[in-house]
Amino acid sequence: MDESLGIQIYRRGFGLKGEVLEDLSQDYQSQLVEEIRAKGHRLVVGDLTLLLAKEFGFCYGVERAVDYAYETRKKFPERSICLTTELIHNPRVNNCLREMGIGFLNGPGPNDKRIQDLTPQDVVIIAAFGTRVEEMETLRAKGCILVDATCGSVIQVWKRVEQYAQEGFTAIVHGNDRHEETRATVSRATAFSGGRYLVVWDKKESAKVCDYIRTERGREQFLADFAQKYSSGFDPDRDLQRIGVANQTTMLSSESLEIGQMLKEAMTDRYGPERLSEHFRNFDTICSATQDRQDAIHEMVKGQVDVVIIIGGFNSSNTNHLCEIASQYTAAYHIDEASCILDGERIRHKPAGRSEVIVSEGWLPKGPLTIGVTAGASTPNRVVGDAIERILKAKGH
Ligand code: SF4
């Protein structure tokens, strides 16, 4: 526990893992998934071959966050407990926490308490994505007991962005400006006097930044195109002279690398290779769990796979990117829970690169079939197991 300034902040759990293990196992584990894993991630039933990606589901950061939340309930059975926002982007996990009486200050569902109403009696759990500097300061000022479940890989990105700000570099963050993690990350830049940031979503936006770096033309259009995605008072003529690249931990890693390279080339063109180090910094901040899951789906779909099912929250960044990868190879369906598999004909899913959830027909081809299954870093095995059971049933097994 960190007790600086008299605030109780717990960052290492409460040593109650043994006491919550059974609940965690009951809520999130799957016997079927363990069996398939033990058989080399492969299940053959009749004319159906089911492949399970070598890396899928809960990552180390999510496991830790979920564990902390359960331990917190155990440690403070009588206290009001709230999450800053969804603990992770998975509906089952967030519903389980609600059923345990853990409320939400923010997030897509109903909000149970307002931050201004918190008292020192309240316990607040900070989600795995972390929280903005301003919100952290408010929570400290309220004197609540804080349980910090921010993932260590997210904190590494913050350190990088803070370093950029201290050295006078503008942080260019490849990420989603509305995602909690990116909002928390960019707040680290502006926590320093003169700290600046700009968020780019994809290569198209990155190309606009590169164009501006090379030509310094179209200032008004540039500011309009990136409205809400830069720090207050951002001046592209001044703030694109020295830039440092970072990324949301769960982005498509190949795209992050390309964006880093594009920006490097633009800065080289503008300032020459000999002065590049004065103007440009770049660190790949994709987390290893995201990278492992992306590598595993590439590996799985390179073989003979007819259909891929990707399981995870529709607002889960890393799950969306798994679907993007799979859809480059074959038919890919991103579902958030087993009930999305309506029957052998219809499936409710979110297509790659789109925001709406739709129902498609004819998702399950007739005859011998290989189906690949993977899941995002916030998806419990229990949800994966339920989805596999639905697939088997849809195929008549
Ligand atoms: S996806 Fe990566 S950064 Fe996010 S919680 Fe998991 S390990 Fe941490």
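Atoms within a ligand are numbered from 1 in the order they appear, just like the ligands themselves. The basis for the numbers below is simple: all heavy atoms, side chains too, and nothing from hydrogens, waters or symmetry mates.
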Can D27 and R382 be counted as an ion pair, charged N to O under 4.0 angstrom?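 Answer for the salt bridge query: no.
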| D67 with R64: basic N within carboxylate O range, under 4.0 Å |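 R64 and D67: not salt-bridged.
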Residues 386-397 side chain polar contacts: donor-acceptor under 3.5 Å, at least two apart:
| from | atom 1 | to | atom 2 | distance (Å) |
| --- | --- | --- | --- | --- |
| R390 | NH1 | I341 | O | 3.0 |
| K395 | NZ | G367 | O | 2.9 |
| H397 | NE2 | V45 | O | 3.3 |

Got a sec, which pairs hit ring pair (Phe, Tyr, Trp, His ring centres under 6.0 Å) with one end in residues 184-204, sequence neighbours left out?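 For residues 184-204, and leaving out neighbouring residues, there are no ring pair (Phe, Tyr, Trp, His ring centres under 6.0 Å) pairs at all.
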*Does anything in residues 90-134 pair up under ring pair (Phe, Tyr, Trp, His ring centres under 6.0 Å), and if so which pairs, sequence neighbours excluded?*
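Every ring pair (Phe, Tyr, Trp, His ring centres under 6.0 Å) pair that includes a residue of residues 90-134, provided the two are not neighbours, is H89-F129, F129-H179.
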For atom 6 (Fe) of ligand 1, what is the number of protein N, O or S atoms at a distance under 2.8 Å?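 Count of protein N, O, S atoms less than 2.8 Å from atom 6 (Fe) of ligand 1: 1.
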Discussion item. I'd like to know if the side chain of E324 pairs up with that of Q328 as donor and acceptor (distance under 3.5 Å, no hydrogens or angles considered).
Written reply: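 Checked: E324/Q328 side chains show no N/O donor-acceptor pair below 3.5 Å.
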